[in-house]
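Everything on this sheet refers to the single structure shown next.
Order of the sequence lines sets the chain letters (A, B, ...), proteins ahead of strands, with each chain counted from 1.
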Amino acid sequence: MKKIIIAVIFSVFLMLPIVSAQTPSTASSELVTPTLSIEEKDIQNFKEKVATKVAELRRENNRAIAGTVTSTEGTITIKFITENDVEFDVKLDENLTNYFQISGTSTKEIKKEDIKKGDYIIVDGIVNDKTVQANSIYVDTLLLVFTGRIIEVNSDDFSIKVLGNDKETYTIDVQSDTRQMLLNTTTLTEEKIGFSKIKEGDSIHFVVEKTGAEKEVNRFNAIKFLVIPQEYFIK
Amino acid sequence: MKKETTIAIFFGIFFGAIVAVFLIVKNKNSKFNMKTLSPARTVTPSVKNVASGKILEVSSPEDGSISSTNSVSIKGKTEKGALLVIQSPIKDLIVVAEKDDFSIQFPLALGENNIVITSYEKGTQVKTQVKDLKVYYLTN
């Protein structure tokens, strides 16, 4: 009997390493991977997924908000107001916040003191309610894009009155350097036109610069426009 | 071989096998638990059906998004045959939607990009749909 018990215990211990070394998914593989390393691999994967998620959340919280500077008083904040009339405080960090001026296709580094009241700025940072912890501030030009229907063409002062899709009425002044384009209804390509080709009732898509020095509400100098003639819709 | 030795070997193999089966089952359970620890998969929201001529949907990019590249893919849905006009300060793009969904590569200027997407329903100037997008192309 004693021999039987010894033999049973011996056999059990003999089988243990065989079982613990099994890798279910790689049964045919010659390389036997210990269970511990699989668990470590899973933990590693899990850690990587958590790290990716944290990075994603940081990216999500990092937002860009643009608006016009209303105050630069004080040393640590800039107040600015967005087009939705929401005022934000921008928290600046002496060491972390960078300042840039956008001009064309490049940026130039500037100083905080170069930002003036009335400047249009883009703030890139972490937004918390009405406060932005700024990573970077860019001084930019405010260019607006609208679309609507031409309701009046005035050849005396080269202005066009437009009823916008937002139900607002805009007056755009056509300058000598305004890019004036018309849709060719046959080829569906743009072609240059003169002011005389613009007709009431046509649809218009236009880009204007808002400087803040406009003399009339909703009256801007046009940078460019594209006219979709009524003929396109009735052909 | 003695009878006692044969019985001992038989019992040894039998109990060994039971322990082996127990450990394999336990291993599988612990692996299953590890998998449930993984973060849940992101569920992509389903896209609404486009009612004829009524809807212009823009699924990407998100309004107010930041791009680190100088172009963006504008994706969305509109009526098949609609005239799509996509305008920004640096680009005008005119296309006729061949299908009820579209995906258009559109260039970005440095800084703020106000992009207006207009869909004119085929044959009518009245039923226009407009979407405004702001995309920021920031390099620093």
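Comparing V130(B), V116(B), L83(B) by heavy-atom pairs within less than 4.5 Å of chain A, the highest count is held by L83(B). Heavy-atom pairs under 4.5 Å with chain B were tallied for G104(A), S103(A), S203(A); the largest tally goes to S203(A). Taking D132(B), N114(B), T128(B) one by one and counting their heavy-atom pairs under 4.5 Å with chain A, the maximum is reached by N114(B). The greatest number of non-hydrogen atom pairs below 4.5 Å with chain A, out of E112(B), E62(B), K122(B), is found for E112(B). Per-residue counts of heavy-atom pairs under 4.5 Å with chain A were compared for L138(B), T118(B), V85(B), T124(B); the largest is that of L138(B).
Between I115(B) and the options I86(B), L93(B), V58(B), D63(B), a side-chain contact (heavy atoms from CB on, under 4.5 Å) holds for only I86(B).
Put simply, the side chain of N218(A) reaches to within 4.5 Å of the side chain of E168(A), judged on heavy atoms.
With a 4.5 angstrom heavy-atom cutoff, F206(A) touches chain B only via backbone atoms. At a 4.5 Å heavy-atom cutoff, the contact between D140(A) and chain B is made by side-chain atoms alone. The part of I90(B) that comes within reach of chain A is its backbone (N, CA, C, O), which places non-hydrogen atoms under 4.5 angstrom from that chain. When heavy atoms are compared at a cutoff of 4.5 Å, T105(A) approaches chain B solely by way of its backbone atoms N, CA, C and O. Residue V95(B): no heavy atom, backbone or side chain, is found under 4.5 Å from chain A. Only the side chain of I122(A) comes within contact range of chain B, with at least one heavy atom under 4.5 Å from a heavy atom of that chain.
What you find for L226(A) and L182(A) is that their closest heavy atoms are CD1-C, 4.2 Å. Across every non-hydrogen atom of A97(B) and T78(B), the tightest pair is CB-CG2, 3.8 Å. Nearest heavy-atom pair across S88(B) and V207(A) is O-CG2, 4.0 Å.
Under a 3.5 Å cut-off, the side chain of N70(B) and the backbone N or O of L108(B) do not form any donor-acceptor pair.
Annotation: E48(A), atom CD; neighbour count of heavy atoms from other residues, nucleotides and ligands within 6.0 Å is above 12.
By the 4.0 Å N-to-carboxylate-O rule, R179(A) lies close enough to D92(B) to be salt-bridged with it.
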